[in-house]
Colleague: 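Let me begin by handing over the structure; questions about it come next.
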There are 2 protein chains.
Amino acid sequence: MVESNQGGESLLFLTDEQLRKGIEAMFFAYRAFTADPDRILEGMDYGRAHHRAIHFIHRAPGLTVTNLLTILGVTKQSLNRVLRSLIDDGLVEARVGRSDKRERNLFLTAKGAELERALSDAQRARMRAAYRAAGPVAVQGFRTVLEAMMDPEMRRQYQSLREGGV
Amino acid sequence: MVESNQGGESLLFLTDEQLRKGIEAMFFAYRAFTADPDRILEGMDYGRAHHRAIHFIHRAPGLTVTNLLTILGVTKQSLNRVLRSLIDDGLVEARVGRSDKRERNLFLTAKGAELERALSDAQRARMRAAYRAAGPVAVQGFRTVLEAMMDPEMRRQYQSLREGGV
DNA sequence: AATTTACGTCAGCCTTGTTGACTTTCCAAG
DNA sequence: CTTGGAAAGTCAACAAGGCTGACGTAAATT
């Protein structure tokens, strides 16, 4: 181990094999990560795209369509299809913007919040189990590496997502 | 810090907020993780599915179609479409099994290996940069948490993927 | 008044997943 | 040696969820 070089900035020796292991870990873990919500969604008319929309509307209530577009990194048309079905089914409410009436502020309805809870309960359960099994030091490292993997703009978005809505 | 409780088995206190941050980190990081290969693939007739097939054939040369099916977790028909185009284009060779002639052992051709290298170079570069920035302790934690997130069967697969082919 | 922005929508396309049905090949057990 | 069943391949049809391009409307901005 290279424990002596704490920062790991210069002398960290990384073989292709080590990196490949990391790549495959991402692949398999992401599959597991999405498996539980996918299971809940299948049978409903919804899919992973609906889950993502619901997640971020819950996360930042009142965010605009353009906000959500940027976060999800998809086209307006693609998001619209998803959003429309959620609005039609009464899971999401789109209120006309208070200051700028062109904007639509998105909120979950009670029904939407209910589905959100079911989905995120499942996903959190897995995450919690993994965190518990791995321990706090590992969790810190997990978050650090994931963050380091993001593009700067994405990382900024990820970090600033706390202020959120309206 | 909860350094005192090394294993983190029982006393680890995890708020929904912490877990949500982890969930979002996975979402954003995975996008970044696939962005580079996706960029290379766009323009060619290939997509992420081709990349995955190429990756695991490179990883375990000589693996059978059924092996690959299990690893990727898709249907035979779905994989076949991808595999056929790779074979037709001369990136993958499917040799009739030596002992069991029903089986096809899959190998990359020189041309296939070349694309594999381009794709994994890009992906490894990002992974390497993230690892370097995060440091060895974080990397260890990253791998530990990802592994803990997998289902037992998947984890077994992930770990035993070293023996691989033929 | 003209332009730009935010949003919605129609139409069409692609990739990648799915099911179901069917054939061929071929190993292995009866 | 025959036959049952596994492994593989293929056809057809479909769905989700990406994409582009074009167009319309309302509201804000210049």
Side-chain angles (χ1 to χ4, degrees), chain A residues 27 30-31 34-35 37-57 62-89 92-107 166, chain B residues 27 30-31 34-35 37-57 62-89 92-106:
Chain A
F27 171 69
Y30 195 78
R31 269 236 306 256
T34 55
D38 282 359
R39 214 161 5 242
I40 294 174
L41 262 343
E42 101 180 349
M44 310 196 191
D45 302 358
Y46 304 137
R48 210 175 285 179
H50 299 83
H51 179 196
R52 291 197 282 257
I54 288 174
H55 173 94
F56 286 108
I57 295 171
L63 90 174
T64 65
V65 173
T66 306
N67 288 161
L68 190 50
L69 235 40
T70 310
I71 293 169
L72 296 178
V74 298
T75 60
K76 179 177 56 162
Q77 295 89 329
S78 196
L79 176 59
N80 196 256
R81 185 170 32 197
V82 164
L83 220 41
R84 187 150 36 90
S85 69
L86 290 174
I87 291 171
D88 289 351
D89 297 351
V92 167
E93 194 189 348
R95 293 186 207 147
V96 170
R98 213 174 44 76
S99 56
D100 186 335
K101 290 178 194 162
R102 289 170 307 178
E103 296 181 343
R104 300 286 180 274
N105 296 113
L106 302 170
F107 300 88
V166 187
Chain B
F27 171 70
Y30 195 78
R31 268 236 306 257
T34 56
D38 282 359
R39 217 164 358 248
I40 294 173
L41 262 343
E42 100 179 353
M44 310 194 191
D45 301 358
Y46 304 136
R48 213 176 283 181
H50 300 83
H51 179 196
R52 292 198 281 258
I54 287 173
H55 173 94
F56 285 108
I57 294 172
L63 89 175
T64 64
V65 173
T66 305
N67 288 161
L68 190 50
L69 236 40
T70 310
I71 292 169
L72 296 177
V74 298
T75 59
K76 179 177 55 162
Q77 295 88 329
S78 195
L79 176 59
N80 196 254
R81 184 170 31 199
V82 165
L83 221 41
R84 187 150 34 91
S85 68
L86 290 174
I87 292 170
D88 289 352
D89 297 351
V92 167
E93 193 190 349
R95 293 186 206 146
V96 171
R98 212 174 45 77
S99 56
D100 184 336
K101 290 178 193 161
R102 290 168 305 179
E103 296 181 343
R104 299 287 180 275
N105 296 114
L106 302 170

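Convention: sequence-line order gives letters A, B, ...; per-chain numbering from 1. Side chains included, hydrogens not; waters and symmetry mates left out as well; all remaining heavy atoms used.
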Colleague: What is the separation between atom CD on B:E42 and atom P on C:dC13, rounded to the nearest whole Å?
Modeller: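 Computing the B:E42:CD to C:dC13:P distance gives 20 Å.
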Colleague: What's the closest nucleotide to the side chain of A:R84 if the choices are C:dT19, C:dG17, C:dT9?
Modeller: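 Shortest atom-to-atom distance from the side chain points to C:dT9.
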Colleague: Provide, to the nearest angstrom, the distance between the CE atom belonging to B:M44 and the P atom belonging to C:dT15.
Modeller: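 Nearest whole value for this atom pair: 14 Å.
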Colleague: Got a donor-acceptor contact below 3.5 angstrom from the A:R95 side chain to the A:G62 backbone?
Modeller: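 Answer holds: no.
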Colleague: Could you give the CD-to-P distance, from B:Q77 to C:dT15, as a whole number of Å?
Modeller: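 To the nearest whole Å, that distance equals 19 Å.
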Colleague: With distance as the sole criterion, do the side chain of A:R81 and the base of C:dG8 form a donor-acceptor contact below 3.5 Å?
Modeller: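 Donor-acceptor pair under 3.5 Å: no.
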Colleague: Please check the phosphate of D:dA16 (OP1 and OP2 only) for any side-chain N or O of A:R52 closer than 4.0 Å.
Modeller: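 It does not, given that no N or O in the side chain of A:R52 lies less than 4.0 Å from OP1 or OP2 of D:dA16.
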Colleague: Atom pairs, N/O to N/O, protein against nucleotides 23-28 of chain C, distance under 3.5 Å?
Modeller:
from	atom 1	to	atom 2	distance (Å)
C:dC27	OP1	B:K101	N	3.2

Colleague: Would you mind reading off the distance between A:R48 atom CZ and C:dT18 atom P, rounded to a whole angstrom?
Modeller: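 Atom-to-atom, A:R48 to C:dT18, this comes out as 11 Å.
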Colleague: Say whether A:D88 and A:S85, considering side chains only, have a donor N or O and an acceptor N or O under 3.5 Å apart.
Modeller: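 There is no such pair (donor and acceptor under 3.5 Å, judged by atom type) between the side chains of A:D88 and A:S85.
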Colleague: Looking at A:H50, I'd like to know whether one of its side-chain N or O atoms comes within less than 4.0 Å of OP1 or OP2 on D:dA16.
Modeller: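 Answer is no, no contact under 4.0 Å.
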Colleague: Are the side chains of A:R48 and A:D38 in touch, meaning some heavy atoms are under 4.5 Å apart?
Modeller: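 Of all side-chain heavy-atom pairs linking A:D38 with A:R48, at least one is under 4.5 Å.
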Colleague: Taking the nucleotide of DNA chain D with the closest heavy atom to each, which residue, A:Y46 or B:N80, is nearer the 5' end?
Modeller: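 Nearest nucleotide further toward 5': that of B:N80.
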Colleague: Please state how far atom CG in B:D88 lies from atom P in D:dT10, giving the value in whole angstrom units.
Modeller: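 Rounded to the whole Å, the gap is 9 Å.
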Colleague: Could you tell me how far apart A:K76 (NZ) and D:dG18 (P) are, to the nearest whole angstrom?
Modeller: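 Spelled out: NZ on A:K76 to P on D:dG18 is 17 Å.
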Colleague: Keeping the roles fixed (side chain from B:R98, backbone from B:V96), state whether a donor-acceptor pair exists under 3.5 Å.
Modeller: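 Side chain of B:R98 to backbone of B:V96: no pair is present.
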Colleague: Given atom CG of B:L41 and atom P of C:dT16, what is their separation to the nearest angstrom?
Modeller: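 Rounded to whole Å, this separation is 8 Å.
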Colleague: Below 4.0 angstrom from OP1 or OP2 of C:dT18, is there any side-chain N or O of B:T75?
Modeller: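 Checking B:T75 against C:dT18: at least one side-chain N or O falls below 4.0 Å of OP1 or OP2.
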Colleague: What is the separation between atom CG on A:L69 and atom P on C:dT9, rounded to the nearest whole Å?
Modeller: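 It works out to 14 Å between those atoms.
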